[in-house]
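All residue numbers refer to positions in the sequence shown, counting from 1.
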Amino acid sequence: MISDLLMGARLAFAGGRDGWTRAVLTALGVGIGVAMLLLAASVPGALDARQARGDARDAASGPPRPAGPDTLLITAAETEFRGVPVHGRIVRAEGPRAPAPPGLAALPRAGEVVVSPALRDILDSGDGPLFAPRLGGARVTGTIGDDGLAGPRELAFYLGSDTLDEERASRVAGFGSHVPGEPFGPLLMLLVVIIFVVLLLPIAVFLGAAVRFGGERRDRRMAAFRLVGADRRMTRRIAAGEAAAAALLGVAVGGLLFALGRQLVPLVTLWDLSVFAADVRPGLTAALVITLAVPTLAVVVSMIALRRVAIEPLGVARRATGARRRLWWRLILPLLGLALLYPLLGNVRDSGSDHQYQVAAGATLLLIGAVTLLPWLIDLVVRGMRGGAVPWQLAVRRLQVDSATSARLVNGIAVAVAGTIGLQMLFAGVQHEYRQDTGADTSRAQAFVQVMTGDGAGTIARLAASPGIEAASGTLQAVATPAGAADRIVEVHIGDCADLAELAYVDGCRDGDAFVSDADVAPGDRLSFGSDDREWTVPAGARRVEVREDPAGWVRGGVLATPSALDTGRLGTLTANVYVRLDRDDPDAIEHVRNAAATASPFAYVGTLSETQEARRFTNIRRGLYIGAVVTLLLVGASLLVGVLEHLRERRRLLAMLVAVGTRRGTLAWSVVWQTVVPVVLGLALAVVFGLALGAVLLRMVSVTISVSWSVVGLSVALAVAVMAAVTLLSLPPLWRLMRPDGLRTE
């Protein structure tokens, strides 16, 4: 038995040029799948590493402590640059032994800043002047090390300050914290499980197809062994050894591709997410499982394929030739999947994550149904086709003879499309539960700035004069306590009539007027702004008005006063709430707002207004889906190209012979195109059906009304068609070479 297996292993590499080509294609196909599996297995570890570095640079929590030689004042200065978050911190050492955050060799002093490599690149580029104002003219004195960054492309800085005080900062003596994350709810867990199924299943399907590359030639070679005395069991063992050897080579190639590919990972940023190469490493258990499972899968698939082949000393006979494919057993897997999911209808929200394996198994079996049904559907459709142009007849005849090979090429993309449709239906059905209206009115303003300043009117004027800003309006906010009621807080907003109109309905407003919109304060009340010399009496003629939501969707009640009614010059530092209308033709308008706000105060808050807000966890899961979908799409395209090339190579002699007898190359090329188009169309039609079925079941599981987003369906199908078109175009040059006369040469 061992000798038979070893002979099979030698056959995988000792078949001359043809054998090596087959082995290389198989290894490449399997290698791509293995590399993707290793990458998928590395995702949890990479995310954990990012989280660990993020926790390590957070200020350590603890009881309040006095200033000392080993303490540091630190405050957040978060911002964005062209939609990318910037992790900013302002620091001030209070002693010689003040702790430095991870990644910093020394704390920056006042007028100095330490930046991440990615931010340094921006500052050194032509975009530098667009960000530099946020650093207050500080000199870059260093670069943050890898252990101080969540990812290699993260934008981050530590800005030194000598004015930072404990009122605006936290005093810490060290770094490193760990706040346990909130566990996923049943709905989010369902999304995660389905995402893994949808993204990994096409890889498994492609691996099953890749290990069958060169299957026809392998079967014919087994016939030669029968001729020299091998029995059927021996030929099966030889075939198993050959398949296992090719798969092992594929595992090695996959490991090499993974090792090379992860070096490129730091160069890629998808949806603001980048990781270091060292973070991309699968766990030992996962690596061992993949290493053992792939050769095992290769042997199992080869044995299943040989069950339909009769290898005799004088040739190979395929038992399926001329026989119709049976439907009944192809329905078992999807029906079994539905049977597993049926008990969970309307039950997922209450049962928590206890049934995640049942959900994964049910969804997997349902999607695999598209794989089992596709050859039967192709056979059913092409069986009665007759007539047409010559290329069409050649393609149809080829599909009538062997539809399984074409189906194997399309299976991966059919499963990917079906899973994507089902998953997107689930996302669309539940997204309203994680999205809420903010109340913001983006027709009135597109950005909001909040800054504490002693020159409020000047700050608003400077913001309004910044480039990219069409208009800026705002009020100054102070906090007061009514006389005799120290436990009550009253907000006082000062601005001209137009600014106050953003907060309340102040009809007939004139400069010098005051208004009251809070039931706890009345005209004539005396308000204290922190000291006796900063007291003010609400004018007796103040009118009571109804409040309205400001452009940000907030309600700011209290006292509204025009500048002539309340002199802000004696109130000290106030909070300026500024609403900004952006120039929609200037893509960097919001960056100018951030620069102007940072110039007013490094602690200024700038936010863009949006009418809806989505839960961060839901957003992160969807971002992970998009990243995975992009990677899976690339895999599907690469695997299809390898499969098509191997398919053409198997028919090299036939193609060269047809050209030699006068068949036009264009006819053969169109024949190949039709052989791709027909299975793809049928596969996508089947994928839509199974995708809708999966989506409907998932929606019923979470008790959501079934609805179909046809735009999502169309987009998924369009992407699949685009991939297939690209693969077909890339396969045409090799096809032209295979039709040359030297393709007739045989050994």
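- A salt bridge links Arg57 to Glu154: one of the charged nitrogens lies within less than 4.0 Å of a carboxylate oxygen.
- Ionic pairing of Arg82 and Asp588 is present here: one or more N-O contacts between side-chain nitrogen and carboxylate oxygen are shorter than 4.0 angstrom.
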- Working for side-chain hydrogen bond (donor to acceptor under 3.5 Å, both in side chains), residues Thr79 and Arg134: CA-CA 9 Å; Thr79 183; Arg134 270 166 264 186; 3.3 Å; yes
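- Between the side chains of Thr619 and Glu614, a donor-acceptor pair is found at a separation under 3.5 Å.
- No option in Leu463, Thr475, Thr459 other than Leu463 meets the side chain to side chain contact (heavy atoms under 4.5 Å, CB included) test with Val578.
- Residues Arg543 and Asp513 are paired through a salt bridge, judged by an N-O separation under 4.0 Å between the basic side chain and the carboxylate.
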Side-chain donor-acceptor contacts of residues 145-152 below 3.5 Å, not counting sequence neighbours, with atom names and distances?
unit_1: Asp147; atom_1: OD1; unit_2: Gly103; atom_2: N; d: 3.3

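- Smallest separation of non-hydrogen atoms from Ala561 and Trp536: CB-CH2, 4.2 Å.
- A donor-acceptor contact closer than 3.5 angstrom is absent between the side chains of Ser564 and Thr562.
- Donor-acceptor pairing under 3.5 Å is recorded for the side chains of Gln51 and Asp55.
- Ion pair Glu78/Arg89 flagged as a salt bridge, since at least one NZ, NE, NH1 or NH2 atom sits closer than 4.0 Å to an Asp/Glu carboxylate oxygen.
- A salt bridge links Arg171 to Glu94: at least one charged side-chain nitrogen sits closer than 4.0 Å to a carboxylate oxygen.
- Of the possible donor and acceptor atoms, none in the side chain of Ser601 sits under 3.5 Å from a partner among the backbone N and O of Ala597.
- Between Arg526 and Glu535 there is a salt bridge, since at least one side-chain N of the basic residue sits less than 4.0 Å from a carboxylate O of the acidic one.
- A salt bridge is absent between Arg92 and Glu166: the closest approach of a Lys/Arg side-chain nitrogen to an acidic carboxylate oxygen does not fall below 4.0 angstrom.
- A side-chain donor-acceptor contact under 3.5 Å links Thr599 to the backbone of Asn595.
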